Amino acid sequence: MANYVPSASREVDMSGYYAMPGLIDAHIHLAGGRGCGLWGDTEILCEPKEVRAMRSVYEAQKMLKHGFTTLRDISWNGLYLKRIFHDKVMPGPKVIACGPGLARSGGHCDSPQLPLEFVKKNHFWAILSDGREECIKNVRRVLREGADQIKFWATGGNWGTDRITDTHYSQEEMNAICEEAHRIAGTMVCAHCETEETIRMALKAGVDTIEHGEELNEKLAEEMSQKGVILVPTLYLLANWYDFVKTPGSDAPKLIRPDAFLYREADTLLTDQEKSRYHKQVIDSFHLALKKGVKIALGSDTVYEPACEYGEQSMQELKELIKQGMSIDQAIKSATEIAAQACGMAHRVGTIEPGKAADLLLFKENPVENIKMLTDKDNIEYVIVDGKLAVEHGKLAW
């Protein structure tokens with residue numbers, strides 16, 4: 001009986017292979033949308049939710065083929081993807097679901113080119129929340145659906161009537177979000193913060209991770225390091241932002257449905273100097289976090305295809321971390337051990353050790369010695385999730 005092998009199983013000789021923990025993307029949106037980012041959210045919001053939900057299965061499985069066995073998702077879909085993958089009825093990564101993030105009306109992730117009630121009913125990764133009481137109510141609503149974490153947008157993001165320099169929630173609202181989330185033991189809070197002011201406010205409120213955070217100063221970086229607050233810099237996206245995103249008013253096409261806009265900023269174009277200054281700020285902030293010992297987790301902020309390719313953008317993030325100063329070892333730790341902490345899953349994933357889930361990648365060559373082995377999915381021989389072979393030579397194994 002000691003050598004009994006169930007009839008449904010098979011043996012795979014993996015002697016001579018290099019094993020490492022499955023990769024983790026700590027900031028992704030399995031929204032199921034399709035668009036190039038030129039038309040705001042119009043293309044995505046006007047599609048049926050059912051279509052988006054079915055596409056999100058493909059997105060998650062594509063991430064799995066790239067070696068990502070755990071994803072922290074901000075969308076409605078993640079709440080339900082985690083259920084079907086956990087049931088083991090189809091191969092898929094572990095989905096740490098934030099559900100939709102909390103956003104203020106008229107702020108980032110509102111979509112002012114469409115009617116307000118339509119947006120409230122159909123938005124794919126945001127739930128509009130205004131004032132302390134509504135923030136508390138919507139934290140509870142998302143937790144009711146099984147959210148593992150809570151996300152909120154503390155700043156804008158250069159959409160119709162918001163800017164990354166705007167502060168979108170008061171200290172009272174941020175405090176309420178964090179207090180209500182933390183009332184449920186183990187629930188973490190992540191905050192989209194793109195200014196020095198909102199990073200300071202979010203840290204005061206008690207957030208667990210800062211997303212983007214490209215206006216760090218020494219004091220804030222030291223505070224994050226001391227408190228163990230994790231930075232998810234989405235570095236590749238931000239460092240190359242103006243190469244990816246069409247600048248409004250110059251090369252972006254006219255929207256199908258006219259967007260809300262601010263007349264005081266109409267026809268105002270960013271200069272090359274302003275773009276260069278933003279790029280430098282992003283890189284300098286990352287270098288400061290690295291220098292001060294802030295925990296840094298890999299997160300790609302992949303939103304929808306073809307604007308961002310699932311898996312490919314995550315690999316670009318890994319390369320960017322190395323390009324901007326991390327060693328290969330540090331970058332891999334960022335994509336495994338630290339990202340597991342950002343997901344609140346360090347007790348289950350992120351390292352290979354007794355008692356943890358057998359989420360593994362296997363290579364014929366050592367990825368620590370040759371990072372190209374890791375950043376090209378064709379070099380990943382096997383992806384194993386919970387001890388079960390999930391991907392074999394780039395194809396789903398079951």
Side-chain angles (χ1 to χ4, degrees), residues 3-15 17-28 30 56-73 75 77-99 146-149 186-188 297-300 310-311 314-315 318 332-364 367 374 377 379-398:
N3 295 321
Y4 171 72
V5 178
S7 59
S9 66
R10 66 187 178 95
E11 292 186 7
V12 179
D13 183 6
M14 295 181 177
S15 58
Y17 282 80
Y18 291 86
M20 66 169 283
L23 297 171
I24 300 169
D25 191 320
H27 188 133
I28 197 166
L30 300 171
S56 69
V57 175
Y58 148 82
E59 293 167 354
Q61 290 182 332
K62 189 173 180 182
M63 292 294 295
L64 187 65
K65 291 177 181 179
H66 282 78
F68 287 85
T69 56
T70 300
L71 309 174
R72 185 174 65 161
D73 170 68
S75 78
N77 293 336
L79 294 165
Y80 314 117
L81 285 171
K82 79 170 189 173
R83 303 180 194 182
I84 61 171
F85 292 145
H86 186 264
D87 285 343
K88 303 295 188 292
V89 297
M90 65 177 76
K94 292 177 176 64
V95 178
I96 310 307
C98 296
D148 299 291
Q149 298 193 7
T187 304
M188 296 172 66
L298 181 143
S300 66
Y310 286 86
S314 303
M315 290 305 187
L318 187 61
I332 290 176
K333 187 175 181 180
S334 174
T336 53
E337 184 177 348
I338 304 302
Q341 294 173 24
C343 291
M345 290 288 289
H347 61 297
R348 294 285 303 280
V349 300
T351 57
I352 301 174
E353 55 186 300
K356 291 194 176 182
D359 293 352
L360 307 169
L361 309 183
L362 287 111
F363 304 84
K364 286 186 176 178
L374 181 57
K377 69 179 179 63
N379 293 322
I380 302 174
E381 297 292 324
Y382 300 104
V383 179
I384 297 170
V385 179
D386 288 325
K388 186 172 183 177
L389 186 60
V391 178
E392 183 174 8
H393 308 304
K395 295 182 179 180
L396 297 176
W398 52 286

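The structure displayed is predicted, hence computed values, not measured ones. When a residue number appears, it is its place in the shown sequence, counting from 1.
Note that CG of Leu362 and CE of Met20 are 10.5 Å apart. Values are rounded to the nearest 0.5 Å. The distance from the CD1 atom of Ile28 to the CD1 atom of Ile96 is 13.0 Å, given to the nearest 0.5 Å. Distance check: Ser300 OG to His66 NE2 gives 11.0 Å after rounding to the nearest 0.5 Å. Of the inter-residue distances, the one linking Ser56 atom OG with Lys62 atom NZ reads 14.0 Å to the nearest 0.5 angstrom.
Heavy-atom minimum distance, His393 versus Tyr382: NE2-OH, 3.9 Å. Minimum interatomic distance between Phe85 and Gly92 (heavy atoms only, all atoms of both residues): CD2-CA, 3.5 Å. In plain terms, the two heavy atoms of Ala297 and Ala26 that are nearest each other are CB-CB, 4.4 Å. Taking every heavy atom of both residues into account, Lys65 and Lys377 meet most closely at O-CB, 3.7 Å. Closest heavy-atom contact between Ser75 and Gly78: OG-N, 3.2 Å. Nearest heavy-atom pair across Gly311 and Met63 is N-SD, 3.0 Å.
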Under 3.5 Å, sequence neighbours excluded: what are the donor-acceptor pairs made by side chains of residues 335-346?
residue, atom, partner, partner atom, Å
Thr336, OG1, Ile332, O, 2.7
Gln341, OE1, Lys295, NZ, 2.8

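Two residues are said to be in side-chain contact when any heavy atoms from C-beta on lie closer than 4.5 Å; Met90 and Val57 meet this criterion. Asp148 is listed as a side-chain neighbour of Lys82, based on a closest heavy-atom distance under 4.5 Å. For the pair Phe363/Glu381, no side-chain contact is recorded, criterion being any heavy-atom separation below 4.5 Å from C-beta on. Between Met315 and Phe68, the closest side-chain pair of non-hydrogen atoms falls below 4.5 Å.
If you run side-chain contact (heavy atoms from CB on, under 4.5 Å) between Thr69 and each of Leu64, Leu360, Leu23, only Leu64 comes through. Checking Ile384, Val391, Leu374 one by one against Leu361, the side-chain contact (heavy atoms from CB on, under 4.5 Å) holds for a single residue, Leu374.
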Steps toward side-chain contact (heavy atoms from CB on, under 4.5 Å) verdict (Tyr17, Lys364): CA-CA 5 Å; Tyr17 282 80; Lys364 286 186 176 178; 3.6 Å; yes

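Judged purely by atom type and a 3.5 angstrom limit, Thr351 has no side-chain atom pairing as donor or acceptor with the backbone of Glu353. For Asp25 (side chain) and Ser314 (main-chain N/O), no donor-acceptor pair under 3.5 Å exists by modelled atom type. Listed for the Asp73 side chain is a donor-acceptor partner under 3.5 Å among the backbone atoms of Leu30.
For residues 85-94, the pairs satisfying side-chain hydrogen bond (donor to acceptor under 3.5 Å, both in side chains) are Lys88-Asp386, Lys94-Asp359, Lys94-Asp386, with sequence neighbours left out.
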